[in-house]
Number of protein chains: 2
Amino acid sequence: MHPPEYMTPEPRSISLEKSQDSRDGILKAGIGLFARRGFHETSMSEVAREAKVSKALIFWHFKTKEELFLAVLNRLLEPYFIDFAEEVGILDERAQLRKLVQSYLLFIRDNAASVRFFLGQLLHGEKVPEELATQVMKLYDAYRELMIGIVRRAQDKNLCSRDIAPEAAAGFMVSALNGSLIGFLFTTGGTTDELDRAVTMLEEWLFRDPAPRSAEGGKAVA
Amino acid sequence: MHPPEYMTPEPRSISLEKSQDSRDGILKAGIGLFARRGFHETSMSEVAREAKVSKALIFWHFKTKEELFLAVLNRLLEPYFIDFAEEVGILDERAQLRKLVQSYLLFIRDNAASVRFFLGQLLHGEKVPEELATQVMKLYDAYRELMIGIVRRAQDKNLCSRDIAPEAAAGFMVSALNGSLIGFLFTTGGTTDELDRAVTMLEEWLFRDPAPRSAEGGKAVA
DNA sequence: CCAGTCGCTAACCTACCGGTCAATGAGCAC
DNA sequence: GTGCTCATTGACCGGTAGGTTAGCGACTGG
């Protein structure tokens with residue numbers, strides 16, 4: 001079996017290093033081409049040309065085109081994670097919401113290309129191998145779960161209306177964010193103003209009437 | 001020049017009728033295959049097989065594969081229009097909003113496949129020939145314009161808060177709808193419950209505090 | 001009845017696709 | 001040096017893609 005199934009933690013020799021380099025170069029080229037043109041529009045010869053290696057080498061590193069594509073998707077998904085756990089306890093729920101939402105926006109801004117690619121691929125169906133699709137879905141659910149937590153805590157502290165279930169409220173907010181997202185993805189050179197507007201609107205929406213019966217008026221954060 | 005550039009309003013002969021029939025059959029097959037598998041995954045031979053004609057006939061009707069694809073997109077867009085003008089005057093703004101939103105949902109429900117296809121294609125870029133993209137955008141803008149009108153009238157009648165500009169409110173609501181839409185598109189066998197929930201939420205959101213200073217409490221529609 | 005067009009097809013063409021393979025150079029162990 | 005494995009390549013293969021062409025039967029106009 002020629003291709004190394006798993007890389008050793010530290011490179012043992014120059015050859016292995018070079019091997020990893022070429023593999024990375026191929027992956028890099030694949031990322032660019034697949035994201036720009038999609039799976040079927042991209043040929044292995046193009047990837048080879050872009051990576052400046054022979055086509056055969058690609059098939060030495062990756063058994064099939066699908067395997068390369070899978071590796072590309074995996075690498076694209078690497079930055080998809082949530083780093084929200086820290087320093088959140090000291091913020092009130094309103095600030096927590098703002099922070100969570102902004103982390104969403106920041107992520108979108110930084111990964112617009114791959115998000116667009118991945119979303120298109122998911123919509124198109126079939127070419128995303130379940131495993132990755134569920135991975136994305138899990139991430140999505142985790143995000144919504146964070147938001148549910150915020151809403152629940154805000155309701156407990158009577159910071160916002162208790163009329164709607166936290167799950168429904170969070171689901172709605174995430175949907176609204178997604179909607180703004182696709183609006184953003186379609187304005188190619190676009191500003192993030194629309195996104196920012198959605199953020200403040202969601203904030204106002206969630207914290208619109210804090211105390212249904214209590215007489216104490218809440219101090220609004222400017 | 002073999003292929004008829006434009007069809008005559010009424011078929012002059014049996015031959016022309018048959019020609020239109022076969023053309024329609026090809027288009028129909030193309031719609032199914034392109035929508036199910038995308039542009040590059042679909043071969044002309046497949047279309048020919050599905051339409052039960054020879055491949056050459058397709059190239060007789062449509063000069064290239066791109067031209068067939070374009071015709072398919074055009075036909076897919078045919079049901080994309082807004083029939084909202086009628087009988088709207090007699091409804092109050094709340095009911096108007098509900099009706100407008102429901103027409104959106106209904107449309108999505110009926111055209112889920114083609115919406116998914118078109119959205120994926122737009123996200124993927126490149127394969128949608130500007131002309132059609134702007135057509136869709138115009139439709140989108142028209143819809144938002146309708147919503148802006150509703151919000152503005154509701155504000156004039158003091159039915160809802162005047163804190164936000166109608167454009168911003170409408171934009172937000174359309175975004176929220178779009179977000180719910182993609183949520184719906186991803187749940188394959190999915191229910192429309194999530195969509196319906198978003199609808200009521202948007203309604204509650206827009207008409208949350210009708211009279212900022214007036215003492216008269218509004219009667220809520222159950 | 002005959003010429004011409006229309007609708008249509010089988011067979012064909014070229015280019016390129018994903019994928020294979022034999023060969024080869026470079027580093028490493030002995 | 002002599003092997004040995006690893007990384008890499010150019011040449012090649014069968015299959016299929018989009019597209020072309022020569023021609024055939026069925027109508028149509030004169």
Side-chain angles (χ1 to χ4, degrees), chain A residues 1-8 10-30 33-34 37-72 126-127 129, chain B residues 1-8 10-30 33-34 37-72 126-127 129:
Chain A
M1 223 180 304
H2 289 155
E5 292 290 342
Y6 299 108
M7 57 177 157
T8 46
E10 21 182 306
R12 291 276 165 73
S13 65
I14 308 171
S15 317
L16 269 184
E17 264 182 58
K18 283 219 73 178
S19 174
Q20 281 301 321
D21 281 359
S22 73
R23 187 191 163 95
D24 271 23
I26 292 166
L27 263 178
K28 197 102 202 306
L33 286 169
F34 281 135
R37 311 235 280 257
F39 179 78
H40 286 273
E41 295 92 321
T42 302
S43 76
M44 296 302 261
S45 313
E46 284 174 305
V47 178
R49 202 180 314 129
E50 179 102 351
K52 287 196 266 284
V53 297
S54 72
K55 195 177 61 165
L57 183 60
I58 304 183
F59 284 97
W60 186 82
H61 279 296
F62 308 92
K63 260 168 285 199
T64 67
K65 187 185 183 185
E66 259 88 9
E67 191 176 304
L68 170 63
F69 184 69
L70 202 71
V72 164
E126 310 312 312
K127 197 74 249 153
Chain B
M1 221 179 306
H2 287 158
E5 292 290 341
Y6 298 107
M7 56 177 157
T8 46
E10 19 183 306
R12 292 276 164 74
S13 66
I14 308 170
S15 317
L16 269 183
E17 264 182 56
K18 282 218 72 176
S19 174
Q20 282 300 323
D21 280 359
S22 72
R23 187 191 162 95
D24 271 24
I26 292 166
L27 264 177
K28 196 102 203 307
L33 286 170
F34 281 136
R37 311 235 282 258
F39 179 78
H40 284 271
E41 295 91 323
T42 303
S43 76
M44 296 302 260
S45 313
E46 284 175 304
V47 177
R49 201 180 314 129
E50 180 101 352
K52 288 196 264 287
V53 296
S54 72
K55 195 176 61 164
L57 182 60
I58 304 183
F59 284 98
W60 187 82
H61 279 297
F62 309 93
K63 260 168 286 200
T64 67
K65 186 184 183 186
E66 260 87 9
E67 192 175 303
L68 170 62
F69 184 69
L70 201 71
V72 164
E126 312 310 314
K127 197 76 250 151

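Here is the naming used below: chain letters follow the sequence lines, and residue numbers restart at 1 for every chain.
- For the pair A/Lys52 NZ and D/dT9 P, the interatomic distance rounds to 13 Å; values are reported in whole Å.
- Counting heavy atoms from C-beta on, the side chains of B/Thr42 and B/Phe69 never come closer than 4.5 Å.
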Per-nucleotide protein contact along nucleotides 11-19 of chain D, 5' to 3', at a 4.0 Å heavy-atom cut-off (B base, S sugar-phosphate only, - neither), is ------SBB
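- Atom CD1 of A/Ile58 and atom P of D/dG10 are 13 Å apart (whole Å).
- The nearest pair of heavy atoms linking B/His61 to B/Ile26 is CD2-CD1, 3.6 Å.
- Contacts of A/Lys55 classified as side-chain contact (heavy atoms from CB on, under 4.5 Å), with partners at least two apart in sequence or in another chain: A/Met44, A/Ser45, A/Ala48, A/Phe59.
- Residues A/Lys65 and A/Phe34 approach most closely at CE-CE2, 4.3 Å, considering heavy atoms.
- Atom-to-atom, CD1 of A/Ile26 to P of D/dT8 comes out at 8 Å; the value is rounded to the nearest Å.
- Between the P atom of D/dT8 and the CZ atom of A/Arg23 lies a distance of 12 Å, rounded to the nearest Å.
- Rounded to 10 degrees, the angle separating the terminal axes of the helix from C/dC1-D/dG30 to C/dC30-D/dG1 is 10°, with each axis obtained from five end pairs.
- Taken from CZ in B/Arg23 to NZ in B/Lys28, the straight-line distance is 16.0 Å, to the nearest 0.5 Å.
- In this structure, A/Phe39 and A/Glu66 approach most closely via the heavy-atom pair CZ-OE2, 3.7 Å.
- Note: B/Ile58 CD1 to B/Leu27 CG = 10.0 Å, rounded to the nearest 0.5 Å.
- Rounding to whole angstrom units, CG of residue A/Asp24 and P of D/dT8 are separated by 12 Å.
- The nearest whole Å value for the distance from the CG atom in B/Leu57 to the C1' atom in D/dT21 is 15 Å.
- Judged as a side-chain contact (heavy atoms from CB on, under 4.5 Å), and not counting sequence neighbours, the contacts of B/Leu70 are B/Asn74, B/Pro129, B/Leu132.
- Residue A/Phe62 contributes atom CZ, which lies 13 Å from atom P of D/dA7 at whole-angstrom precision.
- Put simply, NE2 on A/His61 is 7 Å from P on D/dA7, counting in whole angstrom units.
- When all heavy atoms are compared, the tightest approach of A/Val47 to A/Ala29 is O-CB, 3.9 Å.
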